[in-house]
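Quick notes on the structure that follows.
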Protein chains: 2
Amino acid sequence: MAAAAAECGEESWVLTATARSPTNIAVIKYWGKRDEALVLPINDSISVTLDPDHLSATTTAAVSPAFDRDRIWLNGKEISLSGGRYQNCLRELRRRARDVELKEKGIRIRGEDWEKLHIHIASYNNFPTAAGLASSAAGFACLVFALAKLMNLNEDDGDLSSLARFDPTIFFCPCCKGQEVHVAACMVDLSSGKWEMQDVKGNDSIAVQLANESHWNDLVILIAVVSSRQKETSSTAGMRDSVETSSLLHHRAKTIVPERILQMEEAIRSRDFTSFAQLTCADSNQFHAVCLDTSPPIFYMNDTSHRQGLLQTIINSVERWNQVEGKPQVAYTFDAGPNSVLIAPNRKVACLLLQRLLFYFPPHQDNDLTSYVIGDTSILQEAGLHSNEDVGALQPPPEIKDKAPHQRYPGDISYFICTRPGRGPMLLPEDQALINPVTGLPK
Amino acid sequence: MAAAAAECGEESWVLTATARSPTNIAVIKYWGKRDEALVLPINDSISVTLDPDHLSATTTAAVSPAFDRDRIWLNGKEISLSGGRYQNCLRELRRRARDVELKEKGIRIRGEDWEKLHIHIASYNNFPTAAGLASSAAGFACLVFALAKLMNLNEDDGDLSSLARFDPTIFFCPCCKGQEVHVAACMVDLSSGKWEMQDVKGNDSIAVQLANESHWNDLVILIAVVSSRQKETSSTAGMRDSVETSSLLHHRAKTIVPERILQMEEAIRSRDFTSFAQLTCADSNQFHAVCLDTSPPIFYMNDTSHRQGLLQTIINSVERWNQVEGKPQVAYTFDAGPNSVLIAPNRKVACLLLQRLLFYFPPHQDNDLTSYVIGDTSILQEAGLHSNEDVGALQPPPEIKDKAPHQRYPGDISYFICTRPGRGPMLLPEDQALINPVTGLPK
């Protein structure tokens with residue numbers, strides 16, 4: 001430290017880089033690795049990046065000759081950096097770090113200095129970390145991105161993705177829950193992002209952008225956040241079990257997904273919502289089918305932590321609606337956790353969807369509507385829902401009108417997030433840094 | 001009628017044939033037809049026939065020149081015979097009926113007389129029809145068998161199976177719920193019965209016996225009867241949807257099942273319980289995976305009519321037990337309905353299984369133990385369970401001892417049936433006929 005400081009000129013400067021990474025939702029899902037050691041996914045996947053205004057992590061990485069050890073703060077609270085994931089990440093990034101020279105600030109760091117300089121990291125999620133929505137994933141992605149910028153890494157986006165793979169205990173998982181490195185990669189450059197699997201071993205798992213966030217920006221995404229209870233099977237263990245025991249998984253990876261990837265790319269390219277929705281729903285169901293075909297079977301979709309049939313209620317109501325209309329109105333997709341993601345083609349249908357969701361799942365009476373539907377709350381006004389009374393007065397959707405009783409489940413959903421496709425990770429200007437440029441500590 | 005009576009000699013005789021058909025449980029499951037018109041199954045299946053003492057239908061078919069119309073009584077109550085299934089069945093059987101001559105009784109029926117003679121049928125199930133345990137299936141199987149005997153059909157067992165296929169609205173389904181014709185066939189000649197699919201079209205779906213009921217008679221089968229609510233998706237419609245929309249189904253039928261059939265045959269032949277249990281559990285889970293891969297998805301295993309995670313509680317407890325012991329202790333299998341079937345290799349393990357099941361699912365306090373565990377009730381004594389108090393005092397299974405809390409679910413299961421493999425359909429002597437040989441009406 002002192003040595004590093006001496007080498008850098010003894011000034012007490014603090015250099016920061018701040019990045020913001022959104023979370024994303026896989027519509028063609030990845031489940032399983034084809035190479036455990038190289039952490040290579042068994043099949044391609046396609047994800048939609050969500051608007052960082054609603055679901056993102058912001059991370060500032062700072063370096064200073066005055067820092068005497070690496071430190072990290074998550075949502076304002078210092079946590080341990082001793083975990084293998086962080087240590088591997090920092091080691092690998094330092095190995096690739098390059099010269100930085102900012103003459104106007106009198107800062108000069110040589111590539112080899114990074115081995116001795118210490119780092120402060122501050123990260124913040126703009127959505128509840130308990131939501132099971134890849135909060136640590138978004139944070140880790142952001143960390144990689146911010147550090148890479150701070151250290152002046154000469155990596156193109158694809159390389160950044162592969163860089164994020166250095167921890168062999170972490171999988172590439174589009175579901176973004178505990179599968180941080182994949183997400184790290186996703187978040188580097190995806191809006192509607194595709195995980196492309198190539199034949200070269202080692203560095204062949206890269207993320208490529210299919211379209212930017214303005215390509216299909218009338219999509220509306222509603223996320224029903226269910227519960228924050230720990231899932232019963234970790235994705236890491238579940239994936240390994242599926243690869244080892246599910247014969248359906250291998251057929252899916254080899255035969256079904258390659259075709260679906262092409263179809264989904266075409267659906268996204270041509271903004272064909274019917275096809276997009278059919279593929280999204282089918283792939284979500286097939287992912288859970290593969291989980292069920294695993295020995296022992298994995299039940300993500302009916303985790304005992306929430307009410308019997310909650311997610312089935314959502315699926316069944318969407319399927320019934322789609323069936324009555326003769327074509328998909330909305331798409332649903334469920335990852336390896338309890339939350340459900342619903343995608344509508346436009347605001348008008350999103351309003352109809354929200355009315356349906358709030359019909360089935362009204363807020364608890366002591367829960368205000370504005371804290372029950374968060375994110376892009378303007379959807380509430382557009383749907384004519386200004387109060388809990390408006391929700392209480394909602395009529396059953398036409399497609400179930402004749403089917404009594406109309407069951408409603410107040411309190412089963414913690415809250416809804418309304419959002420839209422968004423842009424991938426971005427650098428933020430210096431004044432948005434989470435670390436004070438004088439003290440080197442979180443603001 | 002009068003004409004027929006005249007042709008048969010005007011005597012007022014009543015001729016009866018009585019058959020008893022057990023129900024069965026598929027351990028390699030069939031789901032989907034490869035030919036809708038010919039009602040051919042998309043893959044082979046293997047079923048275990050259950051002891052008719054516990055789960056069977058008994059049917060008497062009677063003919064008399066005095067009968068003026070076809071009539072049927074089910075469990076003592078007359079029901080309509082006008083349904084297509086019955087009409088097709090009777091028509092097809094009459095077409096194949098042959099001469100019957102019983103000189104000592106003065107009875108002579110020529111093949112062509114059957115077209116004019118009328119039939120009385122009486123059928124009785126020795127298990128609750130509400131149990132969803134193929135009660136109508138067993139009844140229909142029995143009807144075919146009894147009528148075939150009455151009419152002196154010259155059909156070998158395989159032909160009887162195919163004969164049972166004449167109603168194209170009925171599938172061949174090993175799950176035995178509403179898929180009567182298949183069961184009819186199964187019940188003709190199966191103990192551990194295999195549905196063999198051959199290449200010849202038309203009459204190629206036949207049932208063959210892999211082993212008789214004494215081959216592996218130390219198996220103990222425990223059935224947890226959950227609820228009698230109508231299932232949400234009929235097997236007929238569900239199967240058709242799966243064939244049309246699930247790509248996993250076709251891979252399963254083409255690639256996975258043929259291999260499993262061979263493995264299961266070998267497991268049964270060599271009484272290899274480890275292999276039998278692994279295949280049984282894997283195939284049950286894969287069947288439900290295919291249902292989930294269907295569009296719209298089918299959720300038999302977590303039908304909203306019963307408590308969240310009830311069947312998962314059973315699966316998880318079996319999986320944990322099997323895992324702790326290092327090899328399968330018991331097998332589980334779930335059909336297209338809410339009941340679960342558990343198979344233990346012997347009485348000793350069956351007692352341990354029953355203790356576990358009653359630990360998780362004790363009877364309601366106003367439910368007596370002897371009406372809660374029915375069938376082969378001697379298992380209760382062997383397991384040291386003589387009263388509800390004994391059940392209340394059950395300790396958590398060792399494999400979950402360290403995991404608090406130990407949740408118990410009184411009342412979630414309606415009752416258990418303890419049974420064993422049994423022999424296929426059989427004829428019963430005249431004195432066990434359900435129809436009075438003088439009046440021609442149910443006794």
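Note that the structure is predicted; figures quoted are calculated from it, not measured. Computed over heavy atoms, backbone and side chain alike; hydrogens, waters and symmetry mates excluded. Numbered from 1 within each chain, the chains take letters A, B, ... in sequence-line order.
- For B/Glu259, the salt bridge (charged side-chain N to carboxylate O under 4.0 Å, His left out) test picks out no residue, with sequence neighbours left out.
- Heavy-atom pairs under 4.5 Å with chain A peak, among B/Ser295, B/Ser246, B/Ala282, B/Ser247, at B/Ser247.
- For the atom pair CZ (B/Phe299) and CG (A/Asn316), the distance works out to 6.0 Å, reported to the nearest 0.5 Å.
- Contact annotation for B/Gln286: both backbone and side-chain heavy atoms come within less than 4.5 Å of a heavy atom of chain A.
- Considering CG of B/Leu248 and NE2 of A/His251, their distance stands at 6.5 Å, rounded to 0.5 Å.
- Among A/Glu319, A/Gln323, A/Arg320, the single residue meeting the side chain to side chain contact (heavy atoms under 4.5 Å, CB included) criterion with B/Pro296 is A/Glu319.
- Considering only residues two or more places apart in sequence or on other chains, B/Asp293 meets the salt bridge (charged side-chain N to carboxylate O under 4.0 Å, His left out) condition with none of them.
- To the nearest 0.5 Å, the span separating CD on A/Gln278 from OG1 on B/Thr245 amounts to 11.0 Å.
- Of the listed residues (A/Ile256, A/Asn285, A/Thr255), the greatest number of heavy-atom pairs within a distance under 4.5 Å of chain B belongs to A/Asn285.
- Note: A/Ser284 OG to B/Leu292 CG = 8.5 Å, rounded to the nearest 0.5 Å.
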